[in-house]
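Computed from a predicted structure; not experimentally measured. Residue numbers start from 1 in every chain, and the chains themselves are labelled A, B, ... in the order their sequence lines are given, proteins ahead of strands.
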Amino acid sequence: MLQQTQMATVLPYYRNFLRCFPSIEALAKAPLHRVLAAWAGLGYYTRAKNMHLAARIVMKKFGGRFPDDWESVLALPGIGRYTAGAVLSIAFGQRYAVVDGNVERVLARLLKIRANLKTSKIQKRLWTVAELLVPAEAPSKFNQGLMEFGALVCLPKNPQCGRCPLTAWCGARRHGIETEIPSPRQRQRTRDIQRLVAVIRDRNDRILLSQRRETTLMRNFWEFPSWEFKRGKPPTSIETRQSTCRLEGALEQIFTIPLKVRGAICTFRHHITFHRIHVQVFEVQLQNEASLRPSIPPGMRWIPKNSLNKFLFDSASLKILESLHDSAG
DNA sequence: AATCCGGGGGA
DNA sequence: TCCCCAGGATT
């Protein structure tokens, strides 16, 4: 859970997760959708999938007992060099190093490394140093202490050199360049994506939802039928008419029943990593009021409005749901 | 050895 | 908008 996610963000999820799945066995036996439900809102959902799979592997291959050797731990899905080191040192007291974002920064300042820390050359150096530093005695305390030191004292923006016990050994401090290290990382260029969302209702005020299956991305999550288009630049509000046509075209390809785009419900932007998704939500109605059993594509379901809360949604879909409540009064 | 990964929180 | 976060997998 803590991979690329701050401690304060993780804690409530962690507590709830352990309530839901108090043991490896409980986690392994649970269906994936229940694991994802406990993860919903935390992001990077492949972590949940990996942890679930890892629990099943531990049950099958290690009889439910978490392995305590480097190769076995590292081979588990979702566990890389950092997590393997953390588990082996903290849970099993073995002498392995950890280099997370905090340790990276602390060591880079101590060693006065001005280069990009993400290159494999520098990473290799940082890991080598961390492995030299970690003591055989209480590696758990050393590793956690080093990470905590980075989080509380050797801060990214305002390093607390005034109350740092290591200034005498700090190369960056000696040259007065502690705020210039680590060097700014190069950012991914954000990509604009246009997403057209159809809120389709039937005569009983049920709403059509589809579940993501084909994709590995956010699989099992439910969403409103939607179509995405890559953009060179963000769409403008003037393009609503164009979007309507585009959505109608997409609907025609999927549905055999006549549908009519009524109008826009809301528009908002949703950011995911380096994607900037311009979401346009449209109200869509069944044209043929007489069709009692409107045939819908596989993977889609009519959901009564009052049971929407039983389904797993990502953040963007939750925003749409909120707007529906708002517009419904 | 880069590059990508479809998250979220805080400033 | 920018920056960071107890990184991992893929190519």
Side-chain angles (χ1 to χ4, degrees), chain A residues 1-14 36 39-51 53-54 73-91 96-107 116-127 130 140-152 154-159 179 182-195 212 214-221 223 226 228 230 234 269-279 313-319:
Chain A
M1 281 183 165
L2 287 164
Q3 291 166 357
Q4 293 287 271
T5 306
Q6 296 182 352
M7 178 68 81
T9 306
V10 163
L11 264 178
Y13 287 90
Y14 171 75
L36 285 169
W39 205 278
L42 198 54
Y44 284 143
Y45 296 94
T46 50
R47 294 182 295 177
K49 204 179 75 180
N50 284 332
M51 192 193 290
L53 179 56
V73 174
L74 193 63
L76 291 171
I79 295 188
R81 195 174 184 182
Y82 163 78
T83 307
V87 169
L88 288 174
S89 67
I90 297 172
Y96 285 96
V98 296
V99 176
D100 71 334
N102 294 302
V103 175
E104 218 168 65
R105 183 175 57 255
V106 172
L107 295 183
N116 176 7
L117 300 185
K118 295 304 181 186
T119 65
S120 51
K121 180 184 168 191
I122 301 296
Q123 282 293 315
K124 192 172 178 183
R125 187 174 168 202
L126 293 172
W127 274 97
S140 166
K141 287 184 180 176
F142 178 84
N143 284 339
Q144 293 189 75
L146 194 54
M147 292 189 282
E148 197 70 359
F149 177 73
L152 297 179
C154 199
L155 303 176
K157 290 277 180 59
N158 304 303
T179 57
S183 63
R185 60 184 73 175
Q186 62 233 37
R187 289 197 306 281
Q188 285 274 4
R189 217 186 2 264
T190 63
R191 297 175 200 165
D192 287 296
I193 296 172
Q194 179 180 32
R195 178 188 291 174
R212 299 179 73 104
E214 308 301 323
T215 170
T216 61
L217 218 58
M218 314 242 267
R219 194 202 302 257
N220 290 22
F221 278 71
E223 62 186 9
S226 59
E228 293 193 339
K230 287 181 182 171
R269 276 195 323 217
H270 181 61
H271 295 262
I272 300 177
T273 55
F274 53 88
H275 302 276
R276 187 164 47 204
I277 307 175
H278 305 267
V279 185
F313 295 104
D314 70 318
S315 300
S317 299
L318 287 175
K319 284 185 196 172

Colleague: Measure the distance from CZ on R81(A) to P on dA1(B) and round it to the nearest whole Å.
Modeller: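 Between P of dA1(B) and CZ of R81(A): 12 Å.
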Colleague: So, is S315(A) near the phosphate of dG8(B), with a side-chain N or O under 4.0 Å from OP1 or OP2?
Modeller: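 For dG8(B), OP1 or OP2 has a side-chain N or O of S315(A) closer than 4.0 Å.
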Colleague: What is the nucleic acid contact for L42(A), judged by heavy atoms within less than 4.0 Å: base, sugar-phosphate only, or nothing?
Modeller: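 Sugar-phosphate contact only - L42(A) comes under 4.0 Å of backbone atoms but never of a base.
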Colleague: Between N116(A) (side chain only) and I122(A) (backbone N and O only), is there a donor and an acceptor less than 3.5 Å apart?
Modeller: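 Judged by distance alone, no pair lies under 3.5 Å.
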Colleague: Among dC5(C), dA6(C), dG7(B), find the nucleotide with the atom closest to the side chain of I272(A).
Modeller: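 The listed nucleotide nearest to I272(A)'s side chain is dG7(B).
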Colleague: Using a cut-off of less than 4.0 Å, is there contact between a side-chain N or O of T83(A) and OP1 or OP2 of dG8(C)?
Modeller: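 Answer yes for this pair, as a side-chain N or O of T83(A) is under 4.0 Å from OP1 or OP2.
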Colleague: Expressed as a whole number of Å, how far does the P atom of dC4(B) sit from that of dA6(C)?
Modeller: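 My reading of the P atoms in dC4(B) and dA6(C) gives 24 Å.
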Colleague: Are more than 12 heavy atoms from other residues, nucleotides or ligands located less than 6.0 Å from atom CZ of F274(A)?
Modeller: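 More than 12 heavy atoms, drawn from other residues, nucleotides or ligands, come within 6.0 Å of this atom.
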Colleague: With distance as the sole test, does R185(A) use its side chain to make a donor-acceptor pair with the main-chain N or O of K118(A) at under 3.5 Å?
Modeller: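 No, R185(A) side chain to K118(A) backbone: no donor-acceptor pair under 3.5 Å.
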Colleague: F274(A) has an atom CZ; how far is it from atom C1' of dC2(C), in whole Å?
Modeller: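 Result: 17 Å.
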Colleague: Check this one for me: any side-chain N or O of R185(A) less than 4.0 Å away from OP1 or OP2 of dC2(C)?
Modeller: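 No, no such contact exists.
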Colleague: With a 4.5 Å cut-off on side-chain heavy atoms, are W127(A) and R81(A) touching?
Modeller: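 Of all side-chain heavy-atom pairs linking W127(A) with R81(A), at least one is under 4.5 Å.
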Colleague: With side chains defined as the heavy atoms from C-beta onward, is the minimum distance between V106(A) and L146(A) less than 4.5 Å?
Modeller: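 Yes, at least one pair of side-chain atoms sits under 4.5 Å.
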Colleague: Rounded off to whole Å, could you give me the CG-to-C1' distance for the L117(A) and dC3(C) pair?
Modeller: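 Computing the L117(A):CG to dC3(C):C1' distance gives 15 Å.
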Colleague: Give a yes or no on whether the backbone of K230(A) and the side-chain of R191(A) come within a donor-acceptor separation of less than 3.5 Å.
Modeller: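 Here the side-chain-to-backbone pair does not exist.
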Colleague: Rounded to whole Å, how long is the line connecting atom CZ of R187(A) with atom C1' of dC5(B)?
Modeller: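 Rounding to the nearest Å, CZ of R187(A) and C1' of dC5(B) are 18 Å apart.
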Colleague: Is there a side-chain contact between Y45(A) and the phosphate of dG8(C), meaning an N or O under 4.0 Å from OP1 or OP2?
Modeller: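 No, outside the criterion.
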Colleague: Just call it for P77(A): base, sugar-phosphate, or nothing, with non-hydrogen atoms closer than 4.0 Å on any strand.
Modeller: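 It contacts sugar-phosphate atoms only.
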Colleague: Measure the distance from CG on L74(A) to P on dG7(C) and round it to the nearest whole Å.
Modeller: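 It works out to 16 Å between those atoms.
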Colleague: Separation of E104(A) atom CD from dC4(C) atom P, in whole Å?
Modeller: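 Computing the E104(A):CD to dC4(C):P distance gives 11 Å.
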Colleague: Quick one: side-chain hydrogen bond (donor to acceptor under 3.5 Å, both in side chains) partners of R125(A), sequence neighbours excluded?
Modeller: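 Scan of R125(A) (side-chain hydrogen bond (donor to acceptor under 3.5 Å, both in side chains), adjacent residues dropped) gives none.
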Colleague: Just by distance, do the side chain of Q123(A) and the backbone of L117(A) share a donor-acceptor pair under 3.5 Å?
Modeller: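 Yes: the side chain of Q123(A) pairs with the backbone of L117(A).
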Colleague: Got Q188(A) and T273(A) here, is their nearest side-chain heavy-atom distance under 4.5 Å?
Modeller: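 No; the side chains remain at least 4.5 Å from each other.
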Colleague: Students often get this wrong, so: under 4.0 angstrom with heavy atoms, is T273(A) touching a base, only sugar-phosphate, or nothing?
Modeller: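 Base contact.
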Colleague: Both atom distances under 3.5 Å, Watson-Crick or G-U wobble: I'd like the secondary structure of DNA chain B as a dot-bracket string, with | for pairs made across strands.
Modeller: |||||.|||||
Colleague: Need one value for G150(A): base, sugar-phosphate or nothing, where a base atom within 4.0 Å counts as base even if backbone is also close, heavy atoms only.
Modeller: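 Answer is nothing: G150(A) stays at 4.0 Å or more from every strand.
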Colleague: Do any N or O atoms from the side chain of S317(A) and from the backbone of S315(A) form a donor-acceptor pair under 3.5 angstrom?
Modeller: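 Not confirmed, S317(A) side chain does not pair with S315(A) backbone.
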Colleague: Whole-Å distance between dG8(B) C1' and Q6(A) CD?
Modeller: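 Atom CD in Q6(A) sits about 8 Å away from atom C1' in dG8(B).
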Colleague: By a strict heavy-atom criterion of less than 4.0 Å, which residues belonging to residues 118-126 of chain A are in contact with DNA chain C?
Modeller: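 Within residues 118-126 of chain A, no residue comes under 4.0 Å of DNA chain C.
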Colleague: Does Q3(A) have a side-chain nitrogen or oxygen under 4.0 Å from the phosphate oxygens OP1 or OP2 of dG8(C)?
Modeller: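 For dG8(C), OP1/OP2 do have a side-chain N/O of Q3(A) under 4.0 Å.
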Colleague: With a 4.5 Å limit on heavy-atom distance, are the side chains of K319(A) and V279(A) in contact?
Modeller: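 A side-chain contact is absent here, since even the closest heavy-atom pair is not under 4.5 Å.
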Colleague: Identify, between R269(A) and I79(A), the residue whose nearest nucleotide on DNA chain C lies closer to the 5' end.
Modeller: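 It is R269(A), whose closest nucleotide lies nearer the 5' terminus.
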Colleague: Write down the distance between CZ (R191(A)) and P (dC4(B)), rounded to a whole number of angstrom.
Modeller: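 It is 6 Å, rounded to the nearest whole Å.
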Colleague: Less than 4.0 angstrom between a side-chain N/O of N102(A) and OP1 or OP2 of dC5(C), yes or no?
Modeller: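 Checking N102(A) against dC5(C): at least one side-chain N or O falls below 4.0 Å of OP1 or OP2.
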Colleague: Between dC5(C), dG7(B), dG8(B), spot the one nearest the side chain of R105(A), thanks.
Modeller: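 Output: dC5(C).
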Colleague: With sugar-phosphate meaning primed atoms plus P, OP1 and OP2, does Q186(A) contact a base, only sugar-phosphate, or nothing at under 4.0 Å between heavy atoms?
Modeller: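 Counting heavy atoms under 4.0 Å across all strands, no contact is made by Q186(A).
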Colleague: Can you check whether Q188(A) has a side-chain N or O nearer than 4.0 Å to OP1 or OP2 of dC4(B)?
Modeller: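 Answer yes for this pair, as a side-chain N or O of Q188(A) is under 4.0 Å from OP1 or OP2.
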